[in-house]
Protein chains: 2
Amino acid sequence: MFTQECHSAGKRASLFVCVSQHAFTESFSEHSAYAGCMSTPAANARKLQKERTREALMNAALELSLDRGFAQVSLRQVSQAVGVVPSAFYRHFESMDDLGLALVERCFGTLRTMIRDAQRDPHVFENIIDAAATILVASVKASRADFAFVVRERVAGPEPVRAAIKHELDLFESELAMTLVRLPNIENWNSDDVHMLARLFVRNMQANAELAANMPEDRPDLEAQIHDLARREMMLIVLGFKDWRSN
Amino acid sequence: MFTQECHSAGKRASLFVCVSQHAFTESFSEHSAYAGCMSTPAANARKLQKERTREALMNAALELSLDRGFAQVSLRQVSQAVGVVPSAFYRHFESMDDLGLALVERCFGTLRTMIRDAQRDPHVFENIIDAAATILVASVKASRADFAFVVRERVAGPEPVRAAIKHELDLFESELAMTLVRLPNIENWNSDDVHMLARLFVRNMQANAELAANMPEDRPDLEAQIHDLARREMMLIVLGFKDWRSN
DNA sequence: TTCTTGAGTGAACACGCGTTCTCTCGTTTA
DNA sequence: TAAACGAGAGAACGCGTGTTCACTCAAGAA
């Protein structure tokens, strides 16, 4: 009994070193953006390591839900993918729902950053529709797992996750409405119509993001096709602006 | 051992009568449309009863997936809801995926029937947009579980189910394109543009169907709101037709 | 240097799952 | 009337699940 305990302890330790390295690599290679710029400086190595494992769990869950959908992914699968024992999961999240909510927050964080960066670029406003289509395709390409997660779990996720995504999308829609209301032909539409318009745009961006996120990788032709499709859709909708009479 | 066998056999028989009645009721009360008009007359009582149980299994799966999503519903849950033992499930479907495919087929069957009925009504063409919005809301109200199933499992379902729904929606889109191309301002658009337009419409119908299907029941105000929203969206898109120049 | 902390371990648990098998017994057929 | 059929019963199986618990053993604090 005693020898067995010694043996298992030794095995445990060496295994831990192994899985820690695994966690590192995964975290940095796949989502270096997050790992590098956390809000806390995380002075001591202990907290830093914990943060890394947490990120690794989130990345593993994101990747696993790509083919199965988040609700199909189990706590044990996520833990195993990271190289950690199931009970260790609870050091980071209360439940899988909790992890899901963290993922929603992170995804919309990157989304918002992208949009803010785009708005800062003055070049964008020269041809707003073309720019929007370009940004859409490029953004999805850069974080396809995030976009795929949002469009999928918006309808398929556990109820708390669905609610969180709905809330974020509503916010996004309201922000867009505030931008739209300053466009030439729209400035004196009533607020109901502006919201309807914002909805129309958000909805079609969602649909095109879904298309782009589920597109096979490294297919510049399909990419261009989706870009063009999105552009033409927005053009058609915009054409109706000047003749719009609320009723 | 012998007595136990006798006892359990007796219990079994009485239980079976009970669950059969349960299956009947559920089948007829919730989906009388299907139970009443099957293609086969099913002359003998044996086949009729089998068909009833099959319908009951499908209805139970449809209802259970309303709050959890189809992929979360287990073979045992469906069987229990119908009042049948899990192994009996296999008399009707090879697997849950198989049942899912049957559901897709049934849902699009009713959908197509509705559309065909609508096209037969000459009154519809007087104001096509208003009619479309009305039909959309009414159809969803009449078969909300079916519509909810389609919009949810299109992205959340098992891969075979997703593929089947995608195929049906593509068919629907092509059919709509053939109708659209005969509209006044569109007749000389190129086919790429017409398909783009059909996509835009299908997509927004999906989104509005999703809205209507997830709406709380017996809320005529919300119903009217969705109707109005769908109408205005289509109006706006239609407004752009006459100015459209492909590029 | 010694004490405390806490991320991760590993065993155990109760449970629900899909699948299989043999059996029952009313219905259909010959 | 007797034999065949087949929908459903019920028990058993091996497996993956979430959750709990006492534990180890480096890192950080005193």
Side-chain angles (χ1 to χ4, degrees), chain A residues 1-2 4-24 42-57 64 68 71-80 82-99 158, chain B residues 1-2 4-24 42-57 64 68 71-80 82-99 158:
Chain A
M1 192 189 185
F2 199 82
Q4 199 191 354
E5 256 188 67
C6 286
H7 172 66
S8 71
K11 188 180 157 201
R12 196 188 303 149
S14 72
L15 212 111
F16 172 54
V17 171
C18 159
V19 306
S20 291
Q21 286 177 340
H22 179 58
F24 280 91
N44 44 20
R46 193 87 159 252
K47 286 200 169 166
L48 184 70
Q49 170 57 24
K50 178 167 187 180
E51 193 55 45
R52 277 166 173 162
T53 306
R54 192 185 140 96
E55 295 289 332
L57 285 168
L64 284 170
R68 268 165 280 190
Q72 264 52 255
V73 178
S74 73
L75 184 153
R76 286 177 111 103
Q77 285 168 347
V78 175
S79 310
Q80 195 182 37
V82 169
V84 126
V85 109
S87 54
F89 179 95
Y90 294 102
R91 296 273 179 216
H92 304 276
F93 301 100
E94 268 193 3
S95 62
M96 280 296 284
D97 280 14
D98 192 20
L99 189 159
Chain B
M1 192 186 185
F2 199 82
Q4 199 188 353
E5 255 189 88
C6 286
H7 172 65
S8 71
K11 189 180 157 200
R12 198 190 301 149
S14 71
L15 211 110
F16 172 56
V17 171
C18 160
V19 306
S20 289
Q21 285 178 340
H22 179 58
F24 280 94
N44 45 18
R46 193 90 159 250
K47 286 200 169 165
L48 184 71
Q49 169 59 26
K50 179 167 186 182
E51 193 56 46
R52 275 167 174 162
T53 306
R54 191 184 140 97
E55 295 290 331
L57 285 167
L64 284 170
R68 269 164 279 190
Q72 265 49 256
V73 178
S74 73
L75 183 153
R76 286 176 110 102
Q77 285 168 349
V78 175
S79 309
Q80 196 182 38
V82 168
V84 128
V85 110
S87 55
F89 179 95
Y90 295 102
R91 297 272 180 215
H92 304 276
F93 301 99
E94 266 194 5
S95 63
M96 280 297 283
D97 279 15
D98 192 20
L99 189 158

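Chain identifiers are assigned alphabetically (A, B, ...) following the order of the sequence lines, protein sequences preceding nucleic acid strands; residue numbering begins at 1 within each chain.
Side-chain proximity of Asn44(A) to the nucleotides dG8(C), dG28(D), dG18(C) is greatest for dG28(D). Here the nucleotide nearest the side chain of Arg91(A), chosen from dA9(D), dG8(C), dG28(D), is dG8(C).
When the options Glu55(B), Glu51(B), Arg54(B) are evaluated for a side-chain contact (heavy atoms from CB on, under 4.5 Å) with His92(B), the one that passes is Arg54(B).
What separates NE2 of His92(B) from P of dG6(D) is a distance of 13 Å, to the nearest Å. For the pair Gln72(A) CD and dG18(C) P, the computed distance is 12 Å after rounding to whole Å. Between Glu94(B) atom CD and dG18(C) atom C1' the separation is 14 Å, expressed in whole Å. Glu51(A) places its CD atom 13 Å from the C1' atom of dA7(C), with the value rounded to the nearest Å. The interatomic distance linking Met96(B) (CE) with dG18(C) (C1') rounds to 11 Å, in whole Å. Here dA29(D) presents its P atom at 10 Å from NZ of Lys47(A), a figure rounded to the nearest Å. Between the CG atom of Leu99(B) and the P atom of dG18(C) there is a distance of 12 Å, rounded to whole Å. Note: CZ (Arg68(A)) to C1' (dT17(D)) measures 14 Å, nearest angstrom.
Atom NZ of Lys50(B) is separated from atom OG1 of Thr53(B) by 9.5 Å, given to the nearest 0.5 angstrom. From Leu64(A), atom CG reaches atom CD of Gln80(A) across 9.5 Å, with rounding to the nearest 0.5 Å. Distance check, rounded to the nearest 0.5 Å: CZ of Phe93(A) to CG of Leu75(A) gives 10.5 Å.
Residue Ser74(B) places at least one side-chain N or O under 4.0 Å from the OP1 or OP2 atom of dC17(C). A sub-4.0 Å separation between OP1 or OP2 of dG8(C) and a side-chain N or O of Gln49(A) is present.
Side-chain N/O atoms of Arg76(B) and base N/O atoms of dG16(C) include no donor-acceptor pair closer than 3.5 Å. A donor N or O paired with an acceptor N or O is found under 3.5 Å between the base of dG10(D) and the side-chain atoms of Ser87(B). Residue-to-nucleotide contacts include no donor-acceptor pair under 3.5 Å from the side chain of Arg46(A) to the base of dG28(D).
You'll find the side chain of Arg76(B) stays beyond 4.5 Å of the side chain of Phe89(B), heavy atoms only.
Note on Tyr90(A): a base of the nucleic acid sits closer than 4.0 angstrom, heavy atoms only.
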